[in-house]
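Atoms considered below: every heavy atom in the structure, side chains included; atoms not considered: hydrogens, waters and symmetry mates.
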Amino acid sequence: MKKKLIHKYFHLLFNFKKYLYKKILSNINPKGKYILSQPILFLGNGNILIGDNSELGYFPSPYFYSGYMHIEARSSDSIIEIGAKTHINNNACIISDGSKIAIGSNCLIGYNFHAYDTDFHGINPKKRDQPSPAQPVTIGDNVFIGSNVMIMKGVSIGNNCTIAAGSIVTKSFPDNVIIAGNPAKIIKEVGNELTIS
């Protein structure tokens, strides 16, 4: 009985945290009929569009209670677009700083996913405080992305791809491939996967 009361109290606090992040701390109200399962900050001066029946956050999965999502369309011409029926696990960070990040429909994305359309700061040490130019990021439909994946600026991922956990994606890939590594490279075509017996 005591455990049930503690669980109920914890759940009420968690729901308040979700409300606090979305209604009070966020400054953008995304368009779309999506499911919000984890606390999330929607920030910036741009536009965020989320497709119907997409889900942000997932229970049970790591970081559900301890983390939050950060989705930021930083500048007025920034766009973040998530297609319908796409599921993004906990602790995602998606930041557009003057371009567009588009994630297709029916995608499955693991926890600690990061996508950026800019390097944020210059590589040249003498120009480190100057903004880095943004380049769009596009992720196709029906893409499966493992946990702890980073997608960098200018990358385009084709439809039906799989990206292995822990990959850092710095270049574009065509439809129907499996990619992995740092930096990510093609390891197989979809349909030629290893058979595990």
Side-chain angles (χ1 to χ4, degrees), residues 26-28 30-32 40-51 54 56 63 67-83 86-187:
S26 294
N27 70 350
I28 292 182
K31 297 179 177 94
I40 186 165
L41 284 178
F42 292 113
L43 299 171
N45 297 311
N47 291 302
I48 299 173
L49 313 163
I50 303 173
S54 284
L56 305 175
Y63 307 108
Y68 80 100
M69 284 193 183
H70 185 104
I71 299 182
E72 182 177 357
R74 188 167 282 178
S75 65
S76 58
D77 48 355
S78 296
I79 299 170
I80 295 174
E81 196 172 85
I82 299 169
T86 284
H87 298 268
I88 302 177
N89 208 317
N90 306 319
N91 252 27
C93 180
I94 302 168
I95 301 175
S96 172
D97 193 20
S99 186
K100 180 177 184 179
I101 297 176
I103 300 172
S105 297
N106 298 302
C107 294
L108 296 174
I109 299 175
Y111 60 79
N112 281 338
F113 168 73
H114 294 248
Y116 309 120
D117 68 1
T118 180
D119 295 326
F120 300 106
H121 299 281
I123 294 172
N124 184 331
K126 294 178 182 175
K127 299 179 180 179
R128 188 71 37 95
D129 59 345
Q130 296 177 10
S132 176
Q135 296 175 19
V137 170
T138 305
I139 298 169
D141 295 332
N142 199 34
V143 173
F144 173 37
I145 300 175
S147 297
N148 298 304
V149 168
M150 294 183 77
I151 310 270
M152 308 311 288
K153 72 177 187 182
V155 165
S156 180
I157 303 294
N159 298 325
N160 307 313
C161 288
T162 296
I163 304 175
S167 296
I168 297 180
V169 186
T170 59
K171 65 179 185 178
S172 297
F173 291 94
D175 294 350
N176 304 308
V177 294
I178 301 170
I179 65 176
N182 177 12
K185 62 183 181 180
I186 295 174
I187 58 169

> Ignoring hydrogens and geometry, is there a side-chain-to-backbone donor-acceptor pair from S105 to G83 under 3.5 Å?
Replying inline: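 Checking the backbone N and O of G83 against the side chain of S105, no donor-acceptor pair under 3.5 Å is found.
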> What are the two closest non-hydrogen atoms of I186 and F173, and how far apart are they?
Replying inline: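 For I186 versus F173, the nearest heavy atoms are CG1-CD2, 3.5 Å.
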> Do H114 and C93 have side chains that get closer than 4.5 Å, going by heavy atoms?
Replying inline: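 They are in contact (side-chain heavy atoms under 4.5 Å apart), so the answer is yes.
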> Any sub-3.5 Å donor-acceptor pair from S96's side-chain atoms to S78's backbone N or O?
Replying inline: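 Absent.
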> How close do Y68 and N91 get, heavy atom to heavy atom, and via which atoms?
Replying inline: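 Scanning both residues completely, I find the closest heavy atoms to be N-OD1, 3.1 Å.
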> Just how far is it from atom OG1 of T118 to atom CD of Q135, taken to the nearest 0.5 Å?
Replying inline: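 CD of Q135 is found 8.5 Å from OG1 of T118.
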> Hey, does I101 have a side-chain heavy atom less than 4.5 Å from the side chain of I151?
Replying inline: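 No. Closest side-chain heavy atoms not under 4.5 Å.
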> How many angstroms lie between atom CG of L41 and atom CE of M69, to the nearest 0.5 angstrom?
Replying inline: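 So the CG of L41 and the CE of M69 are separated by 11.5 Å.
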> Closest heavy-atom contact between Y116 and M150?
Replying inline: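 Distance-wise, the nearest heavy atoms are CE1-CE, 3.6 Å.
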>> Keeping T86 on the side-chain end and N106 on the backbone end, is there a donor-acceptor pair under 3.5 Å?
In response: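 Yes; judged by distance alone, with no hydrogens or angles, the pair exists.
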> Are I82 and C107 side-chain neighbours, meaning at least one heavy-atom pair lies under 4.5 Å?
Replying inline: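 Answer no - side chains too far apart.
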Would you be so kind as to tabulate the donor-acceptor pairs closer than 3.5 Å made by side chains of residues 153-171, with sequence neighbours excluded?
{"from": "K153", "atom 1": "NZ", "to": "D119", "atom 2": "OD2", "distance (Å)": "3.0"}
{"from": "K153", "atom 1": "NZ", "to": "S132", "atom 2": "OG", "distance (Å)": "3.4"}
{"from": "N159", "atom 1": "OD1", "to": "D141", "atom 2": "N", "distance (Å)": "2.8"}
{"from": "N160", "atom 1": "OD1", "to": "N142", "atom 2": "ND2", "distance (Å)": "3.0"}
{"from": "N160", "atom 1": "ND2", "to": "N176", "atom 2": "OD1", "distance (Å)": "3.1"}
{"from": "S167", "atom 1": "OG", "to": "A164", "atom 2": "O", "distance (Å)": "2.8"}
{"from": "S167", "atom 1": "OG", "to": "G181", "atom 2": "N", "distance (Å)": "3.2"}

> Say you draw a straight line from NZ of K185 to CD1 of I178; how long is it, rounded to the nearest 0.5 Å?
Replying inline: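 These two atoms lie 14.5 Å from each other.
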> If you measure from CD1 on I48 to CD1 on I94, what distance do you get to the nearest 0.5 Å?
Replying inline: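 Separation between the atoms: 9.0 Å.
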>> Just so I know, are the side chains of Y111 and N148 near enough to count as touching, which here means a heavy-atom distance under 4.5 Å?
In response: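 Result yes, sub-4.5 Å side-chain heavy-atom pair found.
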> With a 4.5 Å heavy-atom cut-off, do D117 and D97 have their side chains touching?
Replying inline: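 With C-beta onward as the side chain, the pair touches.
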>> When you compare the side chain of N112 with that of S147, does any pair of heavy atoms fall below 4.5 Å?
In response: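 With C-beta onward as the side chain, the pair stays apart.
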> Who passes side chain to side chain donor-acceptor pair (under 3.5 Å) against D77, sequence neighbours left out?
Replying inline: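 Testing D77 for side chain to side chain donor-acceptor pair (under 3.5 Å), a comparison that skips the adjacent residues, returns S75.
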> Nearest heavy-atom pair of L56 and F42: which atoms, and what distance?
Replying inline: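 L56 and F42 have their closest heavy atoms at CD1-CZ, 4.1 Å.
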> Is there a donor-acceptor contact under 3.5 Å from the side chain of S26 to the main chain of I28?
Replying inline: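 Checking the backbone N and O of I28 against the side chain of S26, no donor-acceptor pair under 3.5 Å is found.
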> Can you tell me how far CD1 of I145 sits from CD1 of I139, rounded to the nearest 0.5 angstrom?
Replying inline: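 Rounded to the nearest 0.5 Å, the CD1-CD1 separation comes to 4.0 Å.
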>> For H70 and L43: C-alpha separation, side-chain torsions, deciding distance, then whether side-chain contact (heavy atoms from CB on, under 4.5 Å) applies.
In response: CA-CA 8 Å; H70 185 104; L43 299 171; 3.5 Å; yes
